[in-house]
Amino acid sequence: FTFIHIKYKQAAIHKAAALLSDGGRVVLSIDKNQDKHIDTGISKIEIFPDNPKDISAFIENAGMITDSFTETESAYIFCAEKTSPI
């Protein structure tokens, strides 16, 4: 659930893809929480909610394909593979 703290998600996914060899995989779990802050009781931490449609597009734009997509009670889980350039 760390990805909710990343503001520039497309850049982060591009970086992950750049670090992978062809055929390499990344697993990304995104929280279903759509709040803009986490209230710790002492302070509020700004977060950047995710949605599956955007994440799917970011994965594709980074030259990867989604191998699997799973929905749980609290998250969406993507497994993506870096593809070879054609």
task = Any chance you could measure D31, atom CG, to I4, atom CD1, to the nearest 0.5 Å?
result = 4.5 Å

ask   = Judged by atom type as modelled, is there a donor-acceptor pair below 3.5 Å linking the side chain of K82 to the main-chain atoms of G24?
value = no

key: Under the side chain to side chain contact (heavy atoms under 4.5 Å, CB included) test, residues paired with A11 that sit two or more places apart   = Y8

ask   = Is the shortest heavy-atom distance from the side chain of K36 to the side chain of P49 under 4.5 Å?
value = yes

Nearest heavy-atom neighbours spanning A80 and I59 = CB-CG2, 3.7 Å

task = Enter the distance from R25:CZ to L20:CG here, rounded to the nearest 0.5 Å.
result = 11.0 Å

message = Within the structure provided, determine whether I47 and N33 are in side-chain contact (heavy-atom separation under 4.5 Å).
response = yes

task = Scan residues 47-61 for pairs that pass salt bridge (charged side-chain N to carboxylate O under 4.0 Å, His left out), counting only residues two or more places apart or in two chains.
result = K9-D50

query = Who passes salt bridge (charged side-chain N to carboxylate O under 4.0 Å, His left out) against E71, sequence neighbours left out?
reply = K32

key: Between OG1 on residue T2 and CD1 on residue I30, distance to nearest 0.5 Å   = 13.0 Å

remark   = Separation between CD1 (I55) and CZ (F3), nearest 0.5 Å, reads 5.0 Å

note = By salt bridge (charged side-chain N to carboxylate O under 4.0 Å, His left out), D35 pairs with (sequence neighbours left out) none

note = Shortest non-hydrogen pair, N61 vs H14, comes out as O-CE1, 3.2 Å

query = Taking only residues two or more places apart in sequence or in another chain, which ones pass side chain to side chain contact (heavy atoms under 4.5 Å, CB included) with A17?
reply = A62, M64

request  = Output the distance between atom CG (D39) and atom CD1 (I45), rounded to the nearest 0.5 Å.
outcome  = 9.0 Å

request  = Say whether, by atom type as modelled, one donor and one acceptor occur between the side chain of T72 and the main chain of A75 under 3.5 angstrom.
outcome  = yes

note = Between I6 and A12 the two heavy atoms that sit nearest each other are CG2-CB, 3.9 Å

query = Which pairs pass ring pair (Phe, Tyr, Trp, His ring centres under 6.0 Å) with one or both residues in residues 24-73, sequence neighbours excluded?
reply = F69-Y76, F69-F78

message = List the residues meeting side chain to side chain contact (heavy atoms under 4.5 Å, CB included) with S68, not counting sequence neighbours, and say none if there are none.
response = C79

remark   = Apart from V27 itself, its cluster of hydrophobic side chains linked below 4.5 Å comprises I77

